[in-house]
There are 2 protein chains.
Amino acid sequence: MKISDFSIRSGLSIDTLRYYERIGLLPRTARDGGGRRSYGADDLAWARFLGKLQAMDMPIRERLAYSRLRSEGDATLGARRAMLEAHRAALVARQDELHGLIAALDGKITHYRDRATQSGDSQ
Amino acid sequence: MKISDFSIRSGLSIDTLRYYERIGLLPRTARDGGGRRSYGADDLAWARFLGKLQAMDMPIRERLAYSRLRSEGDATLGARRAMLEAHRAALVARQDELHGLIAALDGKITHYRDRATQSGDSQ
DNA sequence: TATTGACCTGGAGTGCGCTCCAGGACGTAC
DNA sequence: GTACGTCCTGGAGCGCACTCCAGGTCAATA
């Protein structure tokens, strides 16, 4: 698969794909005769998983650490699982935080609604 | 209140306080005889509210827009409420997204657990 | 065969959100 | 009255995560 197709299918821009390869987040991609990148199905699965880690707010340094572990093979399965579990805990914490923030926001919105034409401080 | 105390009580660094004032997120703070900033209780409420908007991932441009509305007085109450309601919807959407991502992560973690000593691709 | 369009590389530029720095002023403690 | 700590300003620098650009190569198409 050439980079333009891979970009569409992975959801990552062409520039981002080259950038990720440069920093080692994606392994050095296979090339065709003319030196152009040629992606396979396994590359797609990995790129999509990276996309998910990004959607989970995992910073690029951590994704890079995970990627390095992955490149070291099965010996690092435990370490990778530990990273995912730690990140899972962070996501759950963030969910809880959002819950509280939404509640606070609801209070504020209600307050605004109540004083639509009155005075007082609403920030 | 001087800036060092206000920094502690608001949770914003001294540099951040000055930066926010520079870009107009905090109104020009009152000064004492020597030209130093002198904060009041209302400043504190506003700074803390800004902190909450930040914790809600509201980008600085939006916080700035909100801040400008606030400085225009009660005429903008409706617009401010609309902003908060829009942001609330974004937070709820993000909560839902996190829910799905955590579920996906759980699948991955379970997969890792199952193949602790086996072969196969786990990303 | 000439042109077009997609691709390549290395490196520069961007936007966000601060954070740090130099050089200077003030006010309190000794 | 001088030393010290805290403050001031304007501006530079930084880390993140891309995004864009110049200058060049290559393959297919007209």
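Residue numbers start from 1 in every chain, and the chains themselves are labelled A, B, ... in the order their sequence lines are given, proteins ahead of strands. These figures come from a predicted structure and were not determined experimentally. Side-chain atoms are counted along with the backbone in the values below, which use heavy atoms only and exclude waters and symmetry mates.
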Is the backbone N or O of Arg63(B) less than 3.5 Å from a side-chain atom of Ser67(B), with the two atoms forming a donor-acceptor pair by type? no
So does [X] get a side-chain nitrogen or oxygen closer than 4.0 Å to the phosphate oxygens (OP1/OP2) of [N]?
X	N	answer
Thr16(B)	dG17(C)	no
Arg22(B)	dT19(C)	no
Gln54(B)	dG17(C)	no
Arg37(B)	dT9(D)	yes
Arg36(B)	dT6(D)	no
Tyr20(A)	dC18(D)	yes

Correct closest heavy-atom pair for Lys52(B) and Ala104(A) would be NZ-CB, 4.2 Å
In whole angstroms, how far is the [atom2] atom of [N] from the [atom1] atom of [X]?
X	N	atom1	atom2	value
Ile14(B)	dG17(C)	CD1	C1'	18 Å
Leu17(B)	dC8(D)	CG	C1'	14 Å
Tyr19(A)	dC21(D)	OH	C1'	18 Å
Lys2(B)	dG27(C)	NZ	P	13 Å
Asp32(B)	dT6(D)	CG	P	16 Å
Leu25(B)	dG17(C)	CG	C1'	11 Å
Leu50(B)	dC18(C)	CG	C1'	15 Å
Arg18(A)	dT19(D)	CZ	C1'	11 Å

Return the nearest nucleotide to the side chain of [X]; candidates are [options].
X	options	answer
Ile3(B)	dT19(D), dC7(D), dT9(C)	dC7(D)
Ser4(A)	dC7(D), dT9(C), dC7(C)	dC7(C)
Ser13(B)	dC18(D), dT9(D), dT19(C)	dT19(C)

Taking [X] first and then [Y], would you say they form a salt bridge - that is, a charged N and a carboxylate O separated by under 4.0 Å?
X	Y	answer
Arg94(A)	Glu97(A)	yes
Glu72(A)	Arg68(A)	no
Arg113(A)	Glu85(B)	yes

Sorted by number, residues from residues 55-64 of chain B placing a heavy atom under 4.0 Å from DNA chain C are Pro59(B), Ile60(B), Arg61(B), Arg63(B)
How are the rings of Tyr66(B) and Phe49(B) set to each other: parallel, tilted or perpendicular (split at 30° and 60°)? tilted
Just by distance, no angles: are the side chains of Arg9(B) and Tyr39(B) close enough, under 3.5 Å, to form a donor-acceptor pair? no
Please work out if Glu21(A) contacts a base, only the sugar-phosphate, or nothing of the nucleic acid, heavy-atom cut-off 4.0 Å. nothing
Going only through I, L, V, M, F, W and Y residues with side-chain contacts under 4.5 Å, is there a path from Leu50(A) to Ile14(A)? yes
